[in-house]
Undergrad: 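First, the structure itself, so that you have it in front of you.
Along the sequence shown, the residues carry numbers beginning at 1. Both backbone and side-chain heavy atoms feed into the values below; hydrogens, waters and symmetry mates do not.
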Amino acid sequence: MEKFRADVTICGENYVLSGEKSEEKIKEIARFVDDEMRRTSKMMNCNPNYKCAVLTALNITEKLMDSNDMLLKLQTENYQLDNDVKHYIQMWENAKKKVTDLKEQMSTEVDRQSQSTEDFNKLKEKLAEMESAYFDLQVENVNLKNQIRSMNKLAGDDEL
């Protein structure tokens with residue numbers, strides 16, 4: 001991997017730093033350290049020195065550890081959210097399958113109802129035919145009874 005170099009100034013001292021980061025990133029890091037060193041020396045009300053550098057290192061380390069804790073927390077939350085998303089996607093897929101199954105059941109039931117309606121109408125027609133035939137038989141029965149009465153009158157017998 002390529003090494004980059006940058007000339008930087010920290011608390012008035014010039015340094016040549018090198019690393020795998022770009023020159024701009026190295027300078028940004030140096031500015032951050034310079035700012036932290038100046039802030040610490042201002043709080044201690046002294047010029048930057050070894051003690052100030054140690055306290056600055058502690059402050060930066062605290063920020064780093066806080067950031068690492070936050071990163072771990074966010075990664076844990078992200079993992080949980082990923083699991084939640086997978087769960088909800090699975091629920092969505094199950095719901096879609098249920099809807100599809102219900103549509104198929106409804107279609108089958110509509111077909112069955114349609115067939116039942118056809119069967120009912122056929123039975124209704126057959127009933128109408130049978131009622132008509134029954135009526136015809138009743139009429140014929142009345143006619144036959146009348147004929148029998150007429151024949152009996154002719155024969156002199158009024159009984160049926």
Side-chain angles (χ1 to χ4, degrees), residues 1-6 8 10 17-40 43 54-160:
M1 187 159 235
E2 187 177 351
K3 291 249 182 187
F4 294 93
R5 297 174 61 98
V8 299
I10 299 175
L17 302 177
S18 66
E20 295 175 352
K21 305 277 186 202
S22 69
E23 181 180 351
E24 292 78 27
K25 192 65 176 174
I26 293 171
K27 287 181 178 182
E28 180 183 348
I29 293 168
R31 271 193 303 277
F32 181 81
V33 171
D34 183 55
D35 291 345
E36 289 295 316
M37 288 279 293
R38 290 182 187 283
R39 191 173 299 120
T40 303
M43 285 175 41
V54 169
L55 291 175
T56 299
L58 288 171
N59 288 337
I60 291 172
T61 302
E62 179 185 18
K63 289 179 181 181
L64 174 65
M65 292 177 101
D66 287 347
S67 294
N68 284 341
D69 290 345
M70 180 59 77
L71 177 62
L72 181 62
K73 180 183 175 198
L74 291 173
Q75 285 173 332
T76 301
E77 289 175 5
N78 189 43
Y79 177 77
Q80 183 60 45
L81 289 173
D82 282 345
N83 285 339
D84 289 349
V85 165
K86 288 175 187 171
H87 173 72
Y88 290 122
I89 287 173
Q90 185 62 43
M91 286 176 64
W92 174 255
E93 293 300 324
N94 289 343
K96 284 187 348 186
K97 184 176 180 339
K98 279 186 177 182
V99 166
T100 301
D101 291 348
L102 287 172
K103 282 181 178 178
E104 287 176 11
Q105 286 177 358
M106 188 173 74
S107 177
T108 301
E109 196 58 39
V110 166
D111 290 346
R112 191 178 1 209
Q113 186 178 6
S114 177
Q115 184 62 44
S116 294
T117 301
E118 280 182 39
D119 292 347
F120 177 75
N121 288 336
K122 286 178 185 176
L123 288 172
K124 213 169 151 183
E125 287 175 19
K126 197 167 190 173
L127 177 62
E129 289 173 11
M130 291 177 86
E131 284 176 338
S132 178
Y134 177 72
F135 180 75
D136 291 345
L137 285 174
Q138 282 181 327
V139 168
E140 190 175 335
N141 188 31
V142 168
N143 288 338
L144 286 173
K145 280 184 181 180
N146 287 337
Q147 283 179 358
I148 290 174
R149 277 191 196 126
S150 295
M151 287 171 76
N152 282 341
K153 279 187 187 177
L154 287 176
D157 191 14
D158 280 340
E159 288 182 32
L160 176 69

Undergrad: Atom CG in L137, atom CE in M130: separation rounded to 0.5 Å?
TA: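 The CE atom of M130 is 10.5 Å from CG of L137, to the nearest 0.5 Å.
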
Undergrad: Among residues at least two apart in sequence or on other chains, which ones pass side chain to side chain donor-acceptor pair (under 3.5 Å) with Q90?
TA: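 Scan of Q90 (side chain to side chain donor-acceptor pair (under 3.5 Å), adjacent residues dropped) gives N94.
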
Undergrad: For V33 and T56, work out which heavy atoms get closest and say how close.
TA: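 Shortest heavy-atom separation between V33 and T56 comes out as O-CG2, 4.4 Å.
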
Undergrad: Nearest 0.5 Å, please: how far is CD1 in I29 from CD1 in I10?
TA: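 The CD1 atom of I29 is 10.0 Å from CD1 of I10, to the nearest 0.5 Å.
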
Undergrad: Apply side chain to side chain donor-acceptor pair (under 3.5 Å) to Q115 and list each qualifying residue two or more places apart in sequence or on a separate chain.
TA: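 Q115 satisfies side chain to side chain donor-acceptor pair (under 3.5 Å) with D119 once adjacent residues are dropped.
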
Undergrad: Does a sphere of radius 6.0 Å around OH in Y134 hold more than 12 heavy atoms from other residues, nucleotides or ligands, not counting ones at 6.0 Å or beyond?
TA: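 12 or below, so no.
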
Undergrad: Taking side-chain contact (heavy atoms from CB on, under 4.5 Å) as the test, write out the residues that go with E129, two or more places apart.
TA: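 Once residues adjacent in sequence are excluded, E129 has no partner under the side-chain contact (heavy atoms from CB on, under 4.5 Å) criterion.
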
Undergrad: For the atom pair CE (M106) and CG (D111), what is the distance rounded to the nearest 0.5 Å?
TA: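 Reported to 0.5 Å precision, the distance equals 11.0 Å.
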
Undergrad: For N146, check side-chain contact (heavy atoms from CB on, under 4.5 Å) against everything at least two apart and list the hits.
TA: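 Residues passing side-chain contact (heavy atoms from CB on, under 4.5 Å) with N146: V142, R149.
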
Undergrad: Just jot down the side-chain contact (heavy atoms from CB on, under 4.5 Å) partners of S18, sequence neighbours excluded, or say none.
TA: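 For S18, the residues satisfying side-chain contact (heavy atoms from CB on, under 4.5 Å) (neighbours in sequence not counted) are R5.
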
Undergrad: Tell me every residue that passes side-chain contact (heavy atoms from CB on, under 4.5 Å) with K27, counting only those two or more places apart in sequence or in another chain.
TA: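 So K27 forms a side-chain contact (heavy atoms from CB on, under 4.5 Å) with A6, V8, E23, R31.
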
Undergrad: Taking salt bridge (Lys or Arg N to Asp or Glu O under 4.0 Å) as the test, write out the residues that go with E93, two or more places apart.
TA: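 Testing E93 for salt bridge (Lys or Arg N to Asp or Glu O under 4.0 Å), a comparison that skips the adjacent residues, returns K96.
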
Undergrad: How would you list all residue pairs meeting side-chain hydrogen bond (donor to acceptor under 3.5 Å, both in side chains) that involve residues 100-110, not counting sequence neighbours?
TA: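 Sorted pair list: K97-D101, E109-R112.
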
Undergrad: Atom NZ in K21, atom CD1 in I26: separation rounded to 0.5 Å?
TA: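 Going from the NZ atom of K21 to the CD1 atom of I26 covers 9.5 Å.
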
Undergrad: When you look at CD of Q113, are more than 12 heavy atoms from neighbouring residues, nucleotides or ligands closer to it than 6.0 Å?
TA: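 Result for CD/Q113: open.
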
Undergrad: Taking atom OG of S132 and atom CG of L127, what is their separation to the nearest 0.5 Å?
TA: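 The CG atom of L127 is 11.0 Å from OG of S132, to the nearest 0.5 Å.
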
Undergrad: How far does NZ of K145 sit from CD of Q138, to the nearest 0.5 angstrom?
TA: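 The CD atom of Q138 is 10.0 Å from NZ of K145, to the nearest 0.5 Å.
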
Undergrad: For a quick test of your reading: what N or O donor-acceptor pairs under 3.5 Å do the side chains of residues 64-82 make, sequence neighbours left out?
TA:
residue : atom : partner : partner atom : Å
S67     : OG   : K63     : O            : 3.0
T76     : OG1  : L72     : O            : 2.9
Q80     : NE2  : D84     : OD1          : 2.9

Undergrad: Start with the C-alpha gap between F4 and L17, add the side-chain angles, then the distance that decides, and say whether side-chain contact (heavy atoms from CB on, under 4.5 Å) holds.
TA: CA-CA 8 Å; F4 294 93; L17 302 177; over 6 Å; no

Undergrad: Can you list the steps and then say if E36 with R39 is a salt bridge (charged side-chain N to carboxylate O under 4.0 Å, His left out)?
TA: CA-CA 5 Å; E36 289 295 316; R39 191 173 299 120; 2.5 Å; yes

Undergrad: With sequence neighbours excluded, tell me which residues meet side chain to side chain donor-acceptor pair (under 3.5 Å) with Q147.
TA: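 None.
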
Undergrad: Whether E28 and K25 form a salt bridge (side-chain N of Lys/Arg under 4.0 Å from carboxylate O of Asp/Glu) is what I want to check.
TA: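 Counted as a salt bridge, because a side-chain N and a carboxylate O are separated by less than 4.0 Å.
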
